[in-house]
4 protein chains.
Amino acid sequence: MLMSVNKKIERKKILDAVTRKDIIDAVAATLINEGMQGFTMDKVATAAGVAKGTLYTHFKNKDEAIEVTMDSIVEPLIEQLDAIVTSNIPPSHKLTRYSALSFTFFDDNRDLFRVILYDRGQAHAPKQRFHDSRYWSFVQKLANIFEEGVREGDFLPLPALKIAAMFIDANLSVVMQRLANKITGNIQEDVSLVTGVFFRGIGNRDNESKKSGCEN
Amino acid sequence: MLMSVNKKIERKKILDAVTRKDIIDAVAATLINEGMQGFTMDKVATAAGVAKGTLYTHFKNKDEAIEVTMDSIVEPLIEQLDAIVTSNIPPSHKLTRYSALSFTFFDDNRDLFRVILYDRGQAHAPKQRFHDSRYWSFVQKLANIFEEGVREGDFLPLPALKIAAMFIDANLSVVMQRLANKITGNIQEDVSLVTGVFFRGIGNRDNESKKSGCEN
Amino acid sequence: MLMSVNKKIERKKILDAVTRKDIIDAVAATLINEGMQGFTMDKVATAAGVAKGTLYTHFKNKDEAIEVTMDSIVEPLIEQLDAIVTSNIPPSHKLTRYSALSFTFFDDNRDLFRVILYDRGQAHAPKQRFHDSRYWSFVQKLANIFEEGVREGDFLPLPALKIAAMFIDANLSVVMQRLANKITGNIQEDVSLVTGVFFRGIGNRDNESKKSGCEN
Amino acid sequence: MLMSVNKKIERKKILDAVTRKDIIDAVAATLINEGMQGFTMDKVATAAGVAKGTLYTHFKNKDEAIEVTMDSIVEPLIEQLDAIVTSNIPPSHKLTRYSALSFTFFDDNRDLFRVILYDRGQAHAPKQRFHDSRYWSFVQKLANIFEEGVREGDFLPLPALKIAAMFIDANLSVVMQRLANKITGNIQEDVSLVTGVFFRGIGNRDNESKKSGCEN
DNA sequence: CATGAATGAGCCTTCATTCAT
DNA sequence: CATGAATGAAGGCTCATTCAT
């Protein structure tokens, strides 16, 4: 039964992590199965196979539980988005990558995001944070890409934030349609659709060495 | 104080209508002031100046109260959208009109729609209905306009439902940004932005050389 | 089934009063049977024979329930004390009356006051109010009587507030001993004891004439 | 690092004592800072810098923790009271000493006693024990002094237990007033007041057409 | 012995809904 | 129909206590 203190601590951390992971999974599962408004800590506890009180050793309260779970799921999306933003490729490629990322990511997490997208809001803090902070940070990042494209003469000088939001929501729009119709795969096709519309819509034709179109 | 039975009944109907109208207004006001999650029948009753029980003589339950109120507010939007759909103008004009309609309508009801757009969800039935039925019926109508434009050679032959959804959400996207930043007025500018991007994006350039297809 | 509106309202008020009275009685009973810390709204509801939710149509919360109940019980005591204070009798008679009042009052409500006196405090607001406001208002009133007696040359010019508090607590002291030993009746005797000590002192004057028995 | 078994055990005892002392201090501190009703084992553990479980190796439960802490604080008071009781001085001197002891002791521990006196109760067992056992043992001891005084002809033959309780509570009464008004020092004055009243009474002998007694 | 994550009974409170008047 | 007191299921959260390590 001898074990170094370090090993003990380490093992404890792993056990904790396991429980915590179970709980976060349970939060996500409950969110998926019950929707935002059917979400209760009781159900989470049952789903996680732990006592109700245990949830409160991991989260301050219900809102934080949702928040943390959201974050843990959205985290990879943010990381990949950041990778795109800071990569050394042309802005239009970045947007295409973002579009593809949207489709794969939401495809991978479709059940949860059906809830998030359809059930937006409800709780106090989460709502604010998700929408105000997370969504707008996405918009901001995309806007930067757009502005980069404008500087390079690829895109027309349009209001970046609005274009960014339009692009994000147009992508989500198609994602939602995929979700609603339970469509999987064929991502490339939908990416082409969205980016096609936007690149023609925001593209600078002069730069494309083509004849002039309808400039607004 | 004599009054014919008919008159009595008639008066009753009017009074009922008045009460019903008051209640619906109260529901909307409560939704605005308290948000979806702060919405309680108590508050509605207080706001309407009636007893709590009275609400249940007008609506089966809370969900129906919200539902009916939503409908009563969205009704004019639907009517105007239908007018646009059935009007005898080119498809691109119809879309421009829809875009303008979005902005004016949400501007007029910004307080309520801030709640609906940000607080989407909460109650079971309303959520489903709002999104599944109302939203998709909008998408369908817009899709018909697109298809009309495709048939007339104005638009590229793209998947109509997806394009319709993209257009709706792109408009909402800018609407939400207006709501978030508390921007009013300058509707024309935003209409031009959205329609500009979409017309260039979905416009059939071959056809553009024939007609002057740039609608604002 | 005809009944004037006034009668209806009146009857309703009475019914309400009955329920309210029942609940207040139940609060007091629960306080008595369970003590401050065993006091729960569940138990009150059960004792009152109403649903838990009903309690909250009468009181904002647990603290208010306790507070209101306390007040309703102490009210007659306060009224009688005020009657004594404002009556047109010599200060010493007033104090004697107060002493008698203490004994009869606490005798009448001995079960509840066993809780209050032994279980002082516990809840947030109630504690503060009971002690800080109710107790000190009593002290103040008694102090006024003492000062009156000082002005009339009956009492020595001692710090009124302290003397008042001492007198109140000395009375309570004996009350508590009665409660602890489950003694009833013989009030006159205890009144004489307390007032006797206070009015006259406990020193044996015969003995005092021999030695100078004033110890400090 | 060699050490005899005895030394090890001894050291352990000391360490234990240190921990126990820390915990008791933490209980007292928590009582002071949070009041009876804000008192939780969590807070004690944090204050003591030990794990929550550790508390249960020192005390059977929460009640015992409070109980033991109270005892450890009241212990010196009891010892000093016993010293007074068994000392070879006149009864009246003993009472004066007791009065002075009350004031100094509660002055020294005013923070904790503010909680005990104002927050009396809360926990089941502690309450009972504190009041029933500790308080009454004090009363008994004081009563013995009174009876001694009666036998010696210093005091009138009044019911000793009641007089003792009155004296204790009259002293506490002034102590509480000091606590409430955050008064420190001037102990002698208050001792004289209380003992003066008790020894001499509050009646004005001049007014009673008698010679002057002991004026303070 | 110490630890502290886990426990789960239990508490307070809310609120949609009902129903006797 | 209107009323609003009563209902009671349900929810979020606390905390004394336990026990495997």
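A note on names: the letters A, B, ... follow the listed sequences, proteins ahead of strands, and every chain is numbered from 1.
Each of B:L55 and C:I23 has a nearest nucleotide on DNA chain F; the 5'-most of these lies closest to B:L55. Comparing A:D42 and C:T57 by the nucleotide of DNA chain F that holds the closest heavy atom to each, the one mapping nearer the 5' end is C:T57. Comparing D:G49 and B:N61 by the nucleotide of DNA chain E whose heavy atom lies nearest to each, the residue mapping closer to the 5' end is D:G49.
Regarding contacts with the backbone of F:dA5, every side-chain N or O of C:T54 stays at 4.0 angstrom or more from both OP1 and OP2. Contact between the side-chain N/O atoms of D:H58 and the OP1/OP2 oxygens of E:dC1 is not found at any separation under 4.0 Å.
The CG atom of D:L31 sits 7.5 Å away from the CD1 atom of D:I73 when rounded to the nearest 0.5 Å. Between the CD1 atom in C:I23 and the NE2 atom in C:H58 there is a gap of 4.0 Å [rounded to 0.5 Å].
Closest non-hydrogen pair, C:L55 versus C:M41, comes out as CD1-O, 3.2 Å. Taking both residues in full, the closest heavy atoms of B:E34 and B:F39 are given as CB-N, 4.1 Å, listed atom of the first, atom of the second, then distance.
Rounded to an integer number of Å, the gap from D:E64 CD to F:dA16 P is 15 Å. We find that CD of B:Q37 is positioned 13 Å from C1' of F:dG11, with the value rounded to whole Å. As rounded to whole Å, 13 Å separates atom P of E:dC1 from atom CZ of D:F59. Atom CG in C:D22 sits roughly 16 Å away from atom P in F:dA5 (whole-Å rounding). Here the P atom of nucleotide F:dT14 and the CD atom of D:E34 are 14 Å apart, to the nearest Å. Between the CE atom of B:M36 and the P atom of E:dC15 there is a distance of 15 Å, given to the nearest Å. As rounded to whole Å, 6 Å separates atom P of F:dC15 from atom NZ of D:K43. One interatomic measurement links the two molecules: CD1 of B:I66 to C1' of E:dC15, which rounds to 13 Å at whole-angstrom precision.
Nucleotide F:dA20 is matched to E:dT3 when pairs are restricted to Watson-Crick or G-U wobble geometry with both distances under 3.5 angstrom. In this structure, F:dA9 and E:dT14 make a Watson-Crick or G-U wobble pair, each of the two defining distances being under 3.5 angstrom. In this structure F:dC15 sits in a base pair with E:dG8, meeting the Watson-Crick or G-U test at under 3.5 Å.
Between the side chain of C:K52 and the base of E:dT13, at least one donor-acceptor pair of N or O atoms lies under 3.5 Å.
Listed nucleotides F:dG12, E:dT13, F:dT17 differ in distance to A:T40; the shortest reach to its side chain belongs to F:dG12. Comparing F:dT7, F:dT17, E:dG8 by their closest approach to the side chain of C:A51 singles out F:dT7. The side chain of B:M41 lies closest to E:dA16 when the candidates are E:dT7, E:dA16, F:dA16.
Tested against A:K52 for a side-chain contact (heavy atoms from CB on, under 4.5 Å), the candidates A:D42, A:T40, A:T46, A:V44 yield a single pass: A:D42.
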